[in-house]
Protein chains: 2
Amino acid sequence: MTTLSSPPAATAESLRARPTMRDVAALAGVSLKTVSRVVNREDGVSEDLAAKVERAAAQLDYRPNLTASNLRRSDRKTATWGLLLEDVANPFSSAVHRGVEEVARELGVAVFAASMDEDPERERELVATFSSRRVDALIIAPTATEHAYLANEVRNGIAVVFVDRPPFGIDADCVVTDNRAGAAAGTSHLVECGHRRIAFVGDFASISTANERYQGYVDSMAAHGVQVHAELVLRDVHDATQAVEAVRSLLALPEPPTAIFAAQNLITMGAVEALRDAGAQHRVALVGFDDFAMANLLDPAVTVVAQDPRAIGRLAATLVNERLSSSSAPVSVHVVPSVLIPRGSGEIAPRN
Amino acid sequence: MTTLSSPPAATAESLRARPTMRDVAALAGVSLKTVSRVVNREDGVSEDLAAKVERAAAQLDYRPNLTASNLRRSDRKTATWGLLLEDVANPFSSAVHRGVEEVARELGVAVFAASMDEDPERERELVATFSSRRVDALIIAPTATEHAYLANEVRNGIAVVFVDRPPFGIDADCVVTDNRAGAAAGTSHLVECGHRRIAFVGDFASISTANERYQGYVDSMAAHGVQVHAELVLRDVHDATQAVEAVRSLLALPEPPTAIFAAQNLITMGAVEALRDAGAQHRVALVGFDDFAMANLLDPAVTVVAQDPRAIGRLAATLVNERLSSSSAPVSVHVVPSVLIPRGSGEIAPRN
DNA sequence: CGAATGTGTGACAACGTTGTCAGGCATTTC
DNA sequence: GAAATGCCTGACAACGTTGTCACACATTCG
């Protein structure tokens, strides 16, 4: 790594104290309160005084101090939300983030985003931190399995909305994908193509969505009267590397599956890799839960049950806003539908 | 979308005023200041008093009010940074975000992230907003082409670090990829495979990194004595859809290129799609700038010049921290190296 | 013409916290 | 035994802003 240097931009002595309303008032020759009125666009200030204040503010490059304002204001709203995600860099999380941001922007709300990396303790730490920073709301894609600890925050007036996974031990608004129905749809798609030996590869059983998807798989198999073979069900598979291993082991079975339902996008990617390594990508059918970039450009293109994380984010943000304006509305669970996108890998028929 | 409702979680009357230090002090039977000392872990408080305070704080579920603390404290640090990205959901941006977050987390800093969507006005708005919220630092992946407007913020003591693209009109720390050298390396790779008709497909000429990459392409062609054909250079291509069109038009030329250098990841993805649609993916070589998910699983796997956005984010955050602790250090430009990853698409030899 | 009304402005206190300083008490020193 | 020292603790003001209230002045009304 190369580093080029030049003289410092701002020496210590060029740092000045930040101008306050008091400074603007002094320059404009008016009282503090009048400046406050002008800055907040309250009416009842004569035009010429307002103009004088505007000029003074511009001259000093005055920036209102929102932290001081928040402290004093009676509505006690900071126009700040905390967003707790699994990982800001993960495509699902960052799409949720984007959706939240779009709504927040219109409302003049700033969003703190943070990654929890599946660590329940970190979730609690972040909630405490954001609470100390007096966020108005928390949007949480939960990692913890017990959320009673949030009761205090809710009682303190923080709006809490869950996304992706439902909360446990607390009654709060929640936005989730129809995991069970979606997984059932994906599985049924494989059954309808003629498959009977359909493997399920899913995430930790401790993750509620992973369970829902597993239930959907079981539902569908039962509904079609197809047997679930225990050796074809692999759970607790969390990342792409583990998924590669898992699928490899499935293919090595005496009676390998003719189709695979991958219950999470990293698992789907791992499955693609493993199938390809085995040269089985055109022989074994694959349906994944959750869409991912380039799925349509792979060979074969990958059939998925797609979620709409951006819509989830937008809806969650809207719920937060409603909760903040009328906290007495009933708590609700919103289910965002998933969509099966056939692209090729899920339409491979079994060979007999 | 389905919505299930149940009775409200918290009625208006169950909302209580948030406990303050005063409440804790009253319950513990000590003064306000003693509570402050215990909360901030200052020493000089006897053990039994400290224990009493801890108990009272726990009983009331007291959360220190960081906004009030920030206002009063003399160092005037909010432990808050603003991160301005092109789009929080874009893989490059979100990886930078992740890198910044990792460093910020260790420092106890909370990060506001926001998307600018290539809108310079939005950049200025966000800077003003974050300045009002008294962030200690701004990390900017700039959209604007003129940053003199930031001089006031710097003078006010906000640390400013640029990532991905350098600033104009202001002297500030900056972390960039070696775009020019990286693009030259990618182009040279194609020349060394025997290609002479090498197309360049790049982003808006107004984007500095796009220009750097174009310069790298030109550098390499000149260095090898290979002619740049004007009809093979397509700039102002910004997204995947436009890239599909662009590559389609290149392939339709009387003398089409035998290789393509795609100067941005969305362009690379578009190129993959267009080549595939034309059945040319194994005939026309492709090297892309910037890695993307699944590039290794495509057919052929895509050769790229990879950036390391997470490292860029980490480095930027580290620079911010250094700048905040010693603002007199010289301003520096840090160049993070890119790496050519040969995967197949860039190693296709030309047919004569 | 005096009273009632309305309009614009500013003085002051308060939000929840921390920096400063002074005072109480126990211990040490001469 | 009085003075000096150290350790804890708390009273008070201040950070930058906004809510409340009162006052000065102009206007309208009986």
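In what follows, chains carry the letters A, B, and so on, assigned in the order in which the sequence lines appear, proteins first and then strands, with residues in each chain numbered from 1.
The side chain of B/K33 sits closest to D/dA11 out of D/dG16, D/dA11, D/dG19. Here the nucleotide nearest the side chain of B/T20, chosen from D/dG19, C/dT17, D/dT9, is C/dT17. Ranking C/dT17, D/dT9, D/dA11 by closeness to the B/Y62 side chain, first place goes to C/dT17.
For D/dT17, neither phosphate oxygen OP1 nor OP2 lies less than 4.0 angstrom from any side-chain nitrogen or oxygen of A/S36. Close to D/dT18, at under 4.0 Å from its OP1 or OP2, lies a side-chain N or O of A/N40. Residue B/S31 has no polar side-chain atom (N or O) positioned under 4.0 Å from OP1 or OP2 of D/dT9. An OP1 or OP2 oxygen of D/dG10 is reached within less than 4.0 angstrom by a side-chain nitrogen or oxygen of B/T34. Using a 4.0 Å cut-off, no side-chain N or O of A/S46 falls inside it from OP1 or OP2 of C/dG8.
If you find the closest nucleotide of DNA chain D to B/G44 and to A/A68, the one lying nearer the 5' end belongs to B/G44.
A donor-acceptor contact closer than 3.5 angstrom is absent between the side chains of B/E86 and B/S115. Residues A/D136 and A/T78 have side chains that bring a donor and an acceptor to within less than 3.5 angstrom of each other. No hydrogens or angles considered: a donor-acceptor pair under 3.5 Å links the side chains of B/E153 and B/S131. Defined by atom type and a distance below 3.5 Å, a donor-acceptor pair is missing between the side-chain atoms of A/Y62 and A/E54.
Straight-line distance from the CZ atom of B/R22 to the P atom of D/dC12: 12 Å, rounded to whole Å. Atom CD of A/E42 and atom C1' of D/dG19 are 9 Å apart (whole Å). Rounded to whole Å, the distance from CG on B/D43 to P on D/dT9 is 12 Å. If you take CG of A/L60 and P of D/dG16, they are 14 Å apart, rounded to a whole angstrom. The CG atom of B/L71 sits 12 Å away from the P atom of D/dT18 (whole-angstrom rounding). What separates CD of B/E47 from P of D/dT9 is a distance of 11 Å, to the nearest Å. Between B/D48 atom CG and D/dT9 atom P the separation is 7 Å, expressed in whole Å. Atom P of nucleotide D/dG16 and atom CZ of B/R73 are separated by 15 Å, given to the nearest angstrom.
Ion pairing between B/D117 and A/R98 holds under the 4.0 Å rule for side-chain N and carboxylate O. By the 4.0 Å N-to-carboxylate-O rule, B/R165 lies close enough to B/E118 to be salt-bridged with it. With salt bridges taken as basic N to acidic carboxylate O contacts below 4.0 Å, one links B/R73 and B/D75.
Shown for residues 124-138 of chain A: no residue has heavy atoms falling under 4.0 angstrom of DNA chain D.
Residue-to-nucleotide contacts include no donor-acceptor pair under 3.5 Å from the side chain of A/R72 to the base of C/dG16. Evaluation of atom-type donor-acceptor distances gives no pair under 3.5 Å for the side chain of A/R37 against the base of C/dG8.
Counting only heavy atoms from C-beta outward, the side chains of A/V176 and A/I312 never approach each other to under 4.5 Å.
Heavy atoms of A/V45 sit under 4.0 angstrom from primed sugar atoms or phosphate atoms, though from no base atom. In this structure, B/L32 reaches the bases: a heavy-atom distance under 4.0 Å links it to at least one base atom across the strands shown.
Taking the six-membered ring where tryptophan is involved, the planes of A/F112 and A/F130 are essentially parallel, since the angle between them stays under 30° and well short of 60°.
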Step-by-step side-chain contact (heavy atoms from CB on, under 4.5 Å) determination, B/T34 to B/V45: CA-CA 7 Å; B/T34 298; B/V45 179; 4.3 Å; yes
Verdict with reasoning, B/E125 to B/R122, per salt bridge (Lys or Arg N to Asp or Glu O under 4.0 Å): CA-CA 5 Å; B/E125 281 169 21; B/R122 175 119 184 95; 3.6 Å; yes
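End-to-end axis angle of the helix from C/dC1-D/dG30 to C/dC30-D/dG1, from C1' rotation axes over five pairs per end: 60° (rounded to 10 degrees).
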